[in-house]
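Worth knowing before you read on, the calculation uses all heavy atoms, side chains too, and leaves out hydrogens, waters and symmetry mates.
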Amino acid sequence: MSNNTNPTPTAARRIIVLVGILVVAVLFLSSLYYRWENPSLQKAVRPTGQSAGMPPQGEGMGGMGGMDMEGVRTMVEALEKRLELNPADSEALFQMESIRSMRGDREGAAAYLEHIEALGLTDKAQLMELAGRWFNLEDHARAARTLEGILALDPEEMFAHYNLGVLYKYRLAEPEKARMHLEKVAKGEHSFEELRTQAAKELESK
């Protein structure tokens, strides 16, 4: 398997955005959604309200839904008050991380993610969200570590296996680990047939 860290357009399209709470309809037989972007990860978790309604990251201050600076300041003040009352408010921490990211403050964004890590999350949806945030900050090692944490809680979480396969193949140059996780999805006993197909394609591609 190649260690190429620049996925082809076809391969990149197989990698689904891990921003916000998105889930896959054909896999969960409910109101679920796909979204694709180059490059990111795939997510399939139940809606929890965590980080729901957050604007997309990586667009600078102009990405905040046209909100003016006063509106941003008001939002930050409200979030800071929430965190004063409850420093373990993971939703507020995720939102503060989003604001830092959109301002281009990667160090500040990472500090909020480290705070979230310190909470010792056990909810798979929140952990998947955290992995996506680390991925967006291009800290692929931490994204992988977070996904491995999901597998420690649930060794049969196929979306964590798939995402790890993608990370190890395209970002961390560890082809054997990539193959192990992708084979788990491609050959495992589960009902996520589309995910199985994508994993099989990744195993065949160079």
Side-chain angles (χ1 to χ4, degrees), residues 15-23 35 37 39-65 67-155 157 159-164 166-168 171-172 181:
I15 310 172
I16 299 179
V17 170
L18 218 177
V19 176
I21 298 299
L22 300 180
V23 288
R35 185 155 75 94
E37 188 171 288
S40 191
L41 303 179
Q42 183 171 42
K43 178 177 190 176
V45 295
R46 68 188 181 282
T48 63
Q50 295 289 29
S51 304
M54 288 304 298
Q57 297 189 46
E59 299 180 6
M61 293 304 293
M64 301 191 72
M67 189 179 297
D68 59 23
M69 292 302 295
E70 185 60 34
V72 174
R73 189 175 300 109
T74 299
M75 179 188 294
V76 170
E77 289 175 355
L79 290 169
E80 287 176 342
K81 287 180 180 178
R82 282 176 60 176
L83 291 170
E84 285 178 9
L85 294 172
N86 179 15
D89 185 336
S90 59
E91 182 179 356
L93 289 167
F94 274 126
Q95 291 179 6
M96 287 294 287
E97 186 277 334
S98 288
I99 292 170
R100 292 287 188 176
S101 289
M102 286 184 282
R103 286 175 168 172
D105 180 4
R106 297 170 65 86
E107 184 175 342
Y112 280 105
L113 295 187
E114 289 171 354
H115 192 161
I116 293 168
E117 277 188 336
L119 298 178
L121 301 177
T122 58
D123 182 88
K124 288 195 294 182
Q126 291 182 317
L127 288 168
M128 196 74 80
E129 177 80 5
L130 180 59
R133 301 298 181 102
W134 281 126
F135 185 90
N136 291 338
L137 291 181
E138 298 183 351
D139 193 331
H140 303 127
R142 270 177 148 155
R145 185 177 70 190
T146 304
L147 291 167
E148 294 283 9
I150 294 175
L151 292 178
L153 295 170
D154 181 1
E157 175 49 68
F159 291 87
H161 280 296
Y162 179 84
N163 287 338
L164 279 166
V166 169
L167 273 173
Y168 284 131
R171 293 292 180 261
L172 297 174
H181 287 290

If you compare all heavy atoms of [X] against all heavy atoms of [Y], which two are closest, and at what distance to 0.1 Å?
X    : Y    : answer
L113 : W134 : CB-CZ2, 3.5 Å
T122 : L153 : O-CD1, 3.4 Å
T146 : A131 : CG2-N, 3.8 Å
A141 : L172 : N-CD2, 4.0 Å
L147 : A160 : O-CB, 4.0 Å

Legend entry - Partner of E91 under side chain to side chain contact (heavy atoms under 4.5 Å, CB included), chosen from Q126, R82, E129: R82

Legend entry - Y112 and its side chain to side chain contact (heavy atoms under 4.5 Å, CB included) partner, picked from E117, Q95, R100: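 When E117, Q95, R100 are each tested with Y112, the side chain to side chain contact (heavy atoms under 4.5 Å, CB included) holds only for R100.
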
For the [atom1] atom of [X] and the [atom2] atom of [Y], what is their distance to the nearest 0.5 Å?
X    : Y    : atom1 : atom2 : value
K124 : L151 : NZ    : CG    : 9.5 Å
L121 : L127 : CG    : CG    : 5.0 Å
L167 : Y162 : CG    : OH    : 11.0 Å
R171 : E138 : CZ    : CD    : 8.0 Å

Legend entry - Ring centers of H140, F135 separated by less than 6.0 Å: yes

Legend entry - Basic-acidic side-chain contact under 4.0 Å: R142, E114: yes

Legend entry - salt_bridge(R73, E70) N-O dist < 4.0 Å: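 Result for this pair is yes, salt bridge flagged.
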
Inset, instruction - Please check if the side chain of H161 supplies one atom and the backbone of P155 the other of a donor-acceptor pair under 3.5 Å. - result: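 Yes; at least one donor-acceptor contact below 3.5 Å.
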
Legend entry - Flag, side chain of H115 to backbone of P87, donor-acceptor distance under 3.5 Å: yes

Inset, instruction - Let me know which of R106, R133, R103 forms a salt bridge (Lys or Arg N to Asp or Glu O under 4.0 Å) with E97. - result: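 It is R133, the one option of R106, R133, R103 that forms the salt bridge (Lys or Arg N to Asp or Glu O under 4.0 Å) with E97.
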
Legend entry - Beyond-backbone contact of L119 with S90, side-chain heavy atoms, under 4.5 angstrom: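 They are in contact (side-chain heavy atoms under 4.5 Å apart), so the answer is yes.
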
Legend entry - Heavy-atom side-chain proximity of M128 to N163 below 4.5 angstrom: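 Contact flag for M128/N163 side chains = yes.
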
